[in-house]
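Below is one structure; the comments refer to it alone.
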Amino acid sequence: MSTVSKPVPHKFLEARIVSQRYSYSGNSVKSHFFLPYTNATTGRRSSSRREILLIYRGPIGGAAVPERKPLSVVHMASSNVDNKDDRISRISSSIRVIPDFPKPGIMFQDITTLLLDPKAFKDTIDLFVERYKDKNINVVAGVEARGFIFGPPIALAIGAKFVPMRKPKKLPGEVISEEYSLEYGTDKIEMHVGAVQPGERAVVVDDLIATGGTLTAAINLLERVGVEVVECACVIELPELKGRDRLGEKQLFVLVSST
Ligand SMILES: O=P(O)(O)OC[C@H]1O[C@H](OP(=O)(O)OP(=O)(O)O)[C@H](O)[C@@H]1O
Ligand SMILES: Nc1ncnc2[nH]cnc12
């Protein structure tokens, strides 16, 4: 379905489009067409341009945008978030889905739009802080890159240290590393030797769990040096990729589920 925001005079329908750009909002795509502005009497073009906006809603790029739901009570079995909590639906609706990024077939869950909404961002952090503040957590480990956005404010609020788990060759000191497979490739994460101590209690934070490869690698790194990983925490779960199964007995706390 498409709607034209303003009636388009006939003379502009005959004009050539000089440029076009797209912007995304929720499950809709806006196409901005720029037409040369032509004087109907003289036929001369002005340097100014006229913008025509088309708004498409629904399927984009041939693939249907999946519905993202606040987590159902069944999925929340291991969490204490009230499913009726209106913070969850605000968080869910602030996350945008970009089809075919970074390659065809991937429905990319883009949390940068959540970050643009200060209330949704604060609600996200608050929900994690409410869950971990009384659990004697010493370590919040965040996985590069998006775990670096959510992890540090949680760590500060609960009085824990933040430990970055970085992509290879980024950390300057001695590291231990762990390889893992992704929904779209393979990768490796590294942690500084000495950043954590045996017996410390950790939560691993990331924006999203897909296949669970990243979180499994993070858990392995921490457990190799004697840290107790209490739980993993993500904003989004893609349940179809069964990452939760890959974590085995390890608890996973998520806020929204995307089907
Ligand atoms: O459950 P998995 O299948 O392991 O996938 C989840 C991981 O994939 C994404 O990161 P990505 O590797 O794309 O890195 P980036 O955050 O640096 O873009 C996401 O932020 C998670 O870290
Ligand atoms: N579909 C997805 N959206 C965002 N990040 C991801 N990481 C792995 N799969 C992803």
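Counting convention: from 1, in listed order, for ligands and their atoms alike.
Near Arg146, meaning under 4.0 Å from one of its heavy atoms, ligand 2 places the atoms 4 (C), 5 (N). Shown in contact with Leu238 at under 4.0 Å from a heavy atom are these atoms of ligand 2, numbered in order with element: 1 (N). Close approach of ligand 2 to Ala210 is summarised as follows: ligand atoms under 4.0 Å from at least one heavy atom of the residue are 8 (C), 9 (N). Distances below 4.0 Å separate heavy atoms of Asp207 from the following atoms of ligand 1: 19 (C), 20 (O), 21 (C). Here is the list of ligand 2 atoms found below 4.0 Å of a heavy atom in Met107: 1 (N), 2 (C), 3 (N). Counting the atoms of ligand 2 from 1 in the order shown, those under 4.0 Å from a heavy atom of Leu208 are 3 (N), 4 (C), 5 (N), 6 (C), 7 (N), 8 (C), 9 (N), 10 (C).
The shortest N or O to N or O distance between Leu208 and ligand 1 is not below 3.5 Å. The distance criterion of under 3.5 Å between nitrogen or oxygen atoms is not met by Tyr180 with respect to ligand 1. Ligand 1 has no N or O atom lying under 3.5 Å from any N or O atom of Leu215, backbone or side chain. At a 3.5 angstrom cut-off on N or O pairs, Gly212 counts as close to ligand 1. Any N or O atom pair closer than 3.5 Å counts here, and Lys167 shares at least one such pair with ligand 1.
Classification of Glu237 and Arg244 as a salt-bridged pair holds, one side-chain N sitting under 4.0 Å from a carboxylate O. Under 4.0 Å is where a charged nitrogen must lie from a carboxylate oxygen, and between Arg90 and Asp86 no such pair does. A salt bridge does not link Arg166 to Glu190: none of the charged nitrogens lies less than 4.0 Å from a carboxylate oxygen.
In this structure, Asp206 and Cys234 have side chains that are in contact, with non-hydrogen atoms separated by less than 4.5 Å.
Tested against Ile111, the residues Asp207, Leu116, Ile91 include a single side chain to side chain contact (heavy atoms under 4.5 Å, CB included) partner, Asp207.
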Using a 3.5 Å cut-off and no angle test, enumerate the donor-acceptor pairs between side-chain atoms of residues 173-180 and protein atoms at least two apart in sequence or in another chain.
{"from": "Glu178", "atom 1": "OE1", "to": "Arg224", "atom 2": "NH1", "distance (Å)": "2.7"}
{"from": "Glu178", "atom 1": "OE2", "to": "Asn220", "atom 2": "ND2", "distance (Å)": "3.2"}

Quiz: residues 158-165 side-chain donor-acceptor pairs under 3.5 angstrom, not counting sequence neighbours:
{"from": "Lys161", "atom 1": "NZ", "to": "Ala195", "atom 2": "O", "distance (Å)": "2.9"}
{"from": "Lys161", "atom 1": "NZ", "to": "Glu200", "atom 2": "OE1", "distance (Å)": "3.0"}
{"from": "Lys161", "atom 1": "NZ", "to": "Glu200", "atom 2": "OE2", "distance (Å)": "3.0"}

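Residues Val256 and Leu241 are members of one and the same hydrophobic cluster, defined by side-chain heavy-atom contacts under 4.5 angstrom among Ile, Leu, Val, Met, Phe, Trp and Tyr. In the hydrophobic cluster analysis, where Ile, Leu, Val, Met, Phe, Trp and Tyr join through side-chain heavy atoms closer than 4.5 angstrom, Val196 is grouped together with Val193.
Residue contact annotation: Ile209 has a non-hydrogen atom under 4.0 Å from ligand 1.
Here Asp206 has side-chain heavy atoms under 4.0 Å from ligand 1, and that is the only part of it that gets that close.
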